[in-house]
There are 2 protein chains.
Amino acid sequence: MGVVRKTQSVSLVLDAFNAENKAISVIDLVERFSDKINKTTVYRVLDRLEDDGVLHSFLGVNGIKWYAPCKGCSEHKHTDVHPHFQCTDCGKIDCLNVDITIPNLPNREVAGAQVLIQGKCEACCN
Amino acid sequence: MGVVRKTQSVSLVLDAFNAENKAISVIDLVERFSDKINKTTVYRVLDRLEDDGVLHSFLGVNGIKWYAPCKGCSEHKHTDVHPHFQCTDCGKIDCLNVDITIPNLPNREVAGAQVLIQGKCEACCN
DNA sequence: TATATTAATGCAACTAAGTTGCAAATATAC
DNA sequence: GTATATTTGCAACTTAGTTGCATTAATATA
């Protein structure tokens, strides 16, 4: 899994994430590259980059998929379990560099967690 | 908003939630009542019950919508911000009666949070 | 550098969750 | 019992995401 060739599509997608160090929704990416990359290809490129630990994905409100650059993730160890913050005004999502504490759950085996905090972002607070 | 008449559809849906004190996915409900309630109606009944603070909704993995009974929610005050636990084996979701601590975020206005913990549930741990 | 090999792409058609408009049915209030 | 407003069913639609397959483009090898 995850044999990533440096194709044009891959470069374009990576450039987008490097330009703004933020989460980008798949919908946004598909729209943004609509004249350069096929929709299907966008989905597959993101898939591969996630497999390789370059990006990580999560769901925003309305179940829309978002991707953001990984920091300290490797192909087999996605330890990057941080919360995301989605602004209820502008809809943008940031990764938060905060550790969240998952409560101790007896008789259960916790594998991971997805935390989406909602509210007003820094820009929209003014 | 939220004028709920005690119709047959509403009763059927509420009975389902009373029978098993668990979260149920919309897909499950639509399927379960496919010969009794129209798909559109199921969606609308759930919508209304959420508006009235009887149920609350959240997203499971794959962005599928789930509903669960509210405890202590009212029409205007949805304080029921508890984490949900989805089993990676059987797919079922439980509401956890645990409070989660949202980290302090300077310059941001936190309105709420969605926490989905994933792992093996009690039944699947054996 | 040319060629073989394998991964990646585009396209079109599809699936599935959820929504909308509207006419008909059914609760509730009077 | 009748009027009024809510709720329902239906069919058609929207949108995110997927699949199969033939073509194209990277990489490895000679």
Side-chain angles (χ1 to χ4, degrees), chain A residues 1-17 23-68 75 84 86 91 93 114 116, chain B residues 1-17 23-68 75 84 86 91 93 114 116:
Chain A
M1 302 287 112
V3 179
V4 173
R5 290 187 177 178
K6 286 209 177 139
T7 65
Q8 274 200 341
S9 310
V10 169
S11 300
L12 281 168
V13 169
L14 286 180
D15 284 354
F17 283 101
I24 312 179
S25 74
V26 178
I27 294 177
D28 186 353
L29 286 166
V30 168
E31 167 63 23
R32 197 183 292 200
F33 294 122
S34 60
D35 55 342
K36 286 182 186 154
I37 317 177
N38 183 273
K39 174 173 77 158
T40 311
T41 303
V42 174
Y43 279 98
R44 292 197 272 223
V45 165
L46 293 169
D47 240 38
R48 266 181 279 143
L49 291 173
E50 184 171 31
D51 271 353
D52 275 27
V54 179
L55 300 177
H56 65 277
S57 72
F58 58 92
L59 298 176
V61 291
N62 302 116
I64 285 169
K65 211 170 186 181
W66 290 69
Y67 281 86
E75 189 168 350
H84 297 99
Q86 182 157 26
I93 300 190
Q114 293 181 34
L116 183 68
Chain B
M1 300 281 109
V3 179
V4 173
R5 290 187 177 180
K6 284 206 177 141
T7 65
Q8 275 201 340
S9 310
V10 169
S11 299
L12 281 169
V13 169
L14 286 180
D15 284 353
F17 283 102
I24 312 179
S25 74
V26 178
I27 294 176
D28 186 352
L29 287 167
V30 168
E31 167 64 25
R32 197 182 292 197
F33 295 122
S34 59
D35 54 342
K36 287 181 187 154
I37 316 177
N38 183 272
K39 176 173 76 159
T40 310
T41 304
V42 174
Y43 279 98
R44 292 196 272 221
V45 165
L46 293 169
D47 241 38
R48 265 181 281 145
L49 290 174
E50 184 170 31
D51 271 353
D52 273 27
V54 178
L55 301 177
H56 65 277
S57 73
F58 57 92
L59 299 174
V61 290
N62 303 117
I64 286 169
K65 210 170 187 181
W66 291 68
Y67 281 86
E75 189 169 350
H84 297 99
Q86 181 155 28
I93 301 190
Q114 294 181 32
L116 184 67

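As a basis for the values below, the full set of heavy atoms in this structure was taken, side chains included, without hydrogen atoms, waters or symmetry mates. Because the structure is a prediction, the values reported are computed rather than measured. To find a chain, count down the sequence lines: A is the first, B the second, and so on, and within it residues start at 1.
B:L49 pairs with exactly one of B:D51, B:V45, B:D52 by the side-chain contact (heavy atoms from CB on, under 4.5 Å) rule, that one being B:V45.
One finds no side-chain N or O of A:T41 lying less than 4.0 angstrom from the OP1 or OP2 phosphate oxygen of C:dA8. Within the structure, a side-chain polar atom (N or O) of A:S9 is placed less than 4.0 Å from OP1 or OP2 of C:dT9.
Of the two residues near DNA chain C, B:Q8 and B:I27, the one whose nearest nucleotide lies more 5' is B:I27. A residue-by-residue look at A:R44 and A:K39 shows that A:R44 has its nearest nucleotide of DNA chain C further toward the 5' end.
One interatomic measurement links the two molecules: CG of B:L46 to C1' of D:dT7, which rounds to 14 Å at whole-angstrom precision. One can place CG of A:N38 at 14 Å from P of D:dT18, the figure rounded to the nearest angstrom. Rounded to a whole Å, the CD1 atom of A:I64 is 9 Å from the C1' atom of D:dT15. The interatomic distance linking B:K36 (NZ) with D:dG9 (P) rounds to 13 Å, in whole Å.
Counting only distance, with no hydrogens or angles, the side chain of B:H84 and the backbone of B:L116 share no donor-acceptor pair below 3.5 Å. Looking at B:Q86, its side chain does come within 3.5 Å of a backbone N or O of B:G91 through a donor-acceptor pair.
When distances are taken from the side chain of A:T7 to each of D:dT8, D:dA5, C:dA8, the shortest belongs to C:dA8. Comparing C:dT9, C:dG10, C:dT28 by their nearest atom to the side chain of A:I37 picks out C:dG10. Considering only side-chain atoms of A:R5, the nucleotide from C:dT6, D:dG17, D:dT7 that sits closest is C:dT6. Counting only heavy atoms from C-beta on, B:R48 has its side chain closest to D:dT7 among D:dT18, C:dG21, D:dT7.
In this structure, B:R32 and B:I24 have side chains that are in contact, with non-hydrogen atoms separated by less than 4.5 Å. Side-chain contact check for B:V13 versus B:I37: some heavy-atom pair is nearer than 4.5 Å.
Nucleic acid contact for B:V30: none, since no nucleic acid atom lies under 4.0 Å from a heavy atom of the residue.
The base of C:dG18 does not come close enough to the side chain of B:K65 for any donor and acceptor atom to sit less than 3.5 Å apart.
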